[in-house]
Amino acid sequence: MSAENLAGKWTRKSGRTLFDSITCVVFLFLDFLDAVLCVVFKLVDEFFEGNACTPCYCGKAGDKNGENKETEMLSESLYGRKYMLRNMGFLGFARKWRIYRKKKDDRDGSVNEGLMVNRWSDCGCQSCVSWMKKEYDQKLHVVVKNLPQAAKYPKFVKSVTLVAPPYLPCAKDGATTSLMALNTFAGKTLWPPLAFGKSVMSWYEHVGRCFCVLFCRNHRIWEMILKLFTLRRELNFMEVDLTRHTHHSAWHNMHNVICGAAKLMDKYLEILNKSRSVKVCIIHGDHDMEVPLDCSNNMKKKFPELVELNMIENVDHTSVILGRVREFAKSLQHIWASS
């Protein structure tokens, strides 16, 4: 090996080691910060919401009130997230605080009267709470606790179209699959910036809640600022909807919808595969950085007769639809007509 190649290899290895070290330090700090914010939000929640405050997911699954069937339906990624400081036994004050409060509530006879629907840290404007009122057409709240429609009634379904499905082959242990999904789709990394933001929002419940308090709770102010700087009267729906999340909905959208569903997808696909009458059509961009193309390829390999894969060249996770709306609509028409 020449001296030039050796020097280049050493430089790349040193750069990678430095990057990994910085990543470790940053996420170690976030571990500490999230543990501190856990106690801070606990105190503030009890002040504003009393016994109706929603418990967090920092402890074990059995620590949450109303475990049993309710916690069985939760993704293992909610409680199985690994933290360096907590795994080493540090920062136990957050756990001790929860135990102290639980004992105090039991001693005082306090009972959780139900979870808060609209929390102090969420926006209470008309558009954000419209799902709670029958007179408004806008709906934001969805709760699904049963099999998907297609898997429940396979005899009545002809085709299912999936766009960039976050599929992973299910391990024997469902918990492993959920945690693998978390690491695959929101792994801890500093680069690129979008991936870093996604990892922070997915791994750190209380740090993510700070973001929601700052941006989501005050989304009307940010929308006004954005209109002022862009000189636009109306904003794109993606720019508006991004901040119209409650922290609870954003958190569960990642963990229960994406990570939790990962362990169930094989089961549902097996049902459709046995029916022999349903076709699953996948549309996936080859430049998708959010959901790797391997996800669709793996589904195709495991269910070759069930799945049809349509790979679209030179499009990413967003432009696979928004950049080609008419083509996408024609694809759907073709799928429905041929089913």
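Atom set for the values below is all heavy atoms of this structure, side chains included, hydrogens, waters and symmetry mates excluded.
Proximity of a side-chain donor or acceptor of R232 to a complementary backbone N or O of L226 within less than 3.5 Å is not detected. Not a single donor-acceptor pair under 3.5 Å links the side chain of R217 to the backbone N or O of C123. Looking at N183, its side chain does come within 3.5 Å of a backbone N or O of L179 through a donor-acceptor pair. S14 places a side-chain N or O within 3.5 Å of a backbone atom of W10 that can act as its donor or acceptor partner. Counting only distance, with no hydrogens or angles, the side chain of S202 and the backbone of A186 share no donor-acceptor pair below 3.5 Å. Judged by distance alone, with hydrogens and angles left aside, the side-chain atoms of E239 form a donor-acceptor pair with the main-chain N or O of N236 at under 3.5 Å. Within the 3.5 Å criterion, the main-chain N or O of C56 finds no donor-acceptor partner in the side chain of H206. Between the side chain of D288 and the backbone N or O of D316, no donor-acceptor pair lies under 3.5 Å.
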What verdict does the side-chain contact (heavy atoms from CB on, under 4.5 Å) test give for V200 and L30, after you've listed the backbone C-alpha separation in whole Å, the side-chain angles of each residue and the deciding distance to 0.1 Å? CA-CA 8 Å; V200 171; L30 289 173; 3.9 Å; yes
Could you walk me through whether N256 and L78 pass the side-chain contact (heavy atoms from CB on, under 4.5 Å) check? CA-CA 8 Å; N256 275 352; L78 285 168; 3.7 Å; yes
Evaluate the side-chain contact (heavy atoms from CB on, under 4.5 Å) criterion for residues T161 and I283: first the C-alpha distance (whole Å), next the side-chain angles of each, then the deciding distance (0.1 Å), finally the verdict. CA-CA 8 Å; T161 303; I283 300 175; 4.2 Å; yes
Using the side-chain contact (heavy atoms from CB on, under 4.5 Å) rule, take V291 and H284 through it: C-alpha gap first, then chi angles, then the decisive distance, then the call. CA-CA 9 Å; V291 179; H284 207 140; 3.9 Å; yes
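D20 meets the salt bridge (Lys or Arg N to Asp or Glu O under 4.0 Å) test with R16; sequence neighbours excluded. Take N218 and apply the side-chain contact (heavy atoms from CB on, under 4.5 Å) test, not counting sequence neighbours, and it matches I221, W222. By the salt bridge (Lys or Arg N to Asp or Glu O under 4.0 Å) test, R276 is found to be paired with E305, residues two or more places apart in sequence or in another chain being considered. Annotation: salt bridge (Lys or Arg N to Asp or Glu O under 4.0 Å) contacts of E308 (sequence neighbours excluded): none. Residues satisfying the ring pair (Phe, Tyr, Trp, His ring centres under 6.0 Å) test with F41, not counting sequence neighbours, are none. Checked against salt bridge (Lys or Arg N to Asp or Glu O under 4.0 Å), E223 has the following partners two or more places apart in sequence or in another chain: R244.
Counting all heavy atoms, side chain and backbone alike, L306 lies closest to V278 at CD1-O, 3.3 Å. The two atoms that bring R324 and V320 nearest to each other are NH1-O, 2.9 Å, heavy atoms only. Residue P166 comes nearest to M265 through the heavy atom pair O-SD, 4.0 Å, listed as atom of the first residue, atom of the second, then distance. Considering all non-hydrogen atoms of both residues, L293 and G285 come closest at CD1-O, 4.3 Å. Contact record, W120 with E49: CD1-OE2, 3.1 Å, taken as the closest heavy-atom pair. Residues Y167 and N298 share a closest heavy-atom pair of CE2-C, 3.9 Å.
The cluster map of Ile, Leu, Val, Met, Phe, Trp and Tyr, joined by side-chain heavy atoms under 4.5 Å apart, puts L332 and V157 in different clusters. Follow the hydrophobic side-chain contacts under 4.5 Å out from L309 and you reach F303 in the same cluster. Under a hydrophobic-cluster definition in which Ile, Leu, Val, Met, Phe, Trp and Tyr are linked whenever side-chain heavy atoms come within less than 4.5 Å, directly or via other members, L194 and Y204 are assigned to different clusters. Note on L33 and V44: same hydrophobic cluster, where clusters join Ile, Leu, Val, Met, Phe, Trp and Tyr whose side-chain heavy atoms are under 4.5 Å apart, directly or indirectly. The hydrophobic cluster containing V315 does not contain I282, counting ILVMFWY residues as joined when their side-chain heavy atoms lie under 4.5 angstrom apart, directly or transitively.
Side-chain contact between E76 and K263: present, with at least one pair of heavy atoms (C-beta onward) separated by less than 4.5 Å. Side-chain contact between H252 and V257 is absent, with no heavy atoms from C-beta onward closer than 4.5 Å. Looking at L322 and M238, their side chains come closer than 4.5 Å, going by heavy atoms from C-beta outward. Residues W251 and C212 form no side-chain contact, since every pair of their non-hydrogen atoms from C-beta on lies 4.5 Å or further apart. Between F185 and C259 there is no side-chain heavy-atom pair separated by less than 4.5 Å. For the pair T184/M180, a side-chain contact is recorded, criterion being any heavy-atom separation below 4.5 Å from C-beta on. K198 is not listed as a side-chain neighbour of M254, based on a closest heavy-atom distance of 4.5 Å or more. Annotation: side chain of M299 is not in contact with side chain of P169 (no heavy-atom distance under 4.5 Å).
Classification of D45 and R209 as a salt-bridged pair holds, one side-chain N sitting under 4.0 Å from a carboxylate O.
Heavy atoms of other residues, nucleotides or ligands lying less than 6.0 angstrom from NZ of K227 number more than 12. Atom NE2 of H287 has more than 12 neighbouring heavy atoms from other residues, nucleotides or ligands inside a 6.0 Å radius. In F19, the CZ atom is crowded: over 12 heavy atoms of neighbouring residues, nucleotides or ligands sit closer than 6.0 Å.
For the atom pair CZ of F47 and NZ of K42, the computed distance is 16.0 Å after rounding to the nearest 0.5 Å. Between D34 atom CG and F29 atom CZ the span is 11.0 Å, to the nearest 0.5 Å. To the nearest 0.5 Å, the span separating OG on S331 from CD1 on I335 amounts to 6.0 Å. The SG atom of C170 lies 10.5 Å from the CG atom of L269; values are rounded to the nearest 0.5 Å. Considering OG1 of T177 and CG of D266, their distance stands at 8.0 Å, rounded to 0.5 Å. Between the CG atom of D294 and the CG atom of L168 there is a distance of 10.0 Å, given to the nearest 0.5 Å.
For the pair K158 and W336, the cation-pi test (distance below 6.0 Å, angle within 45°) is failed.
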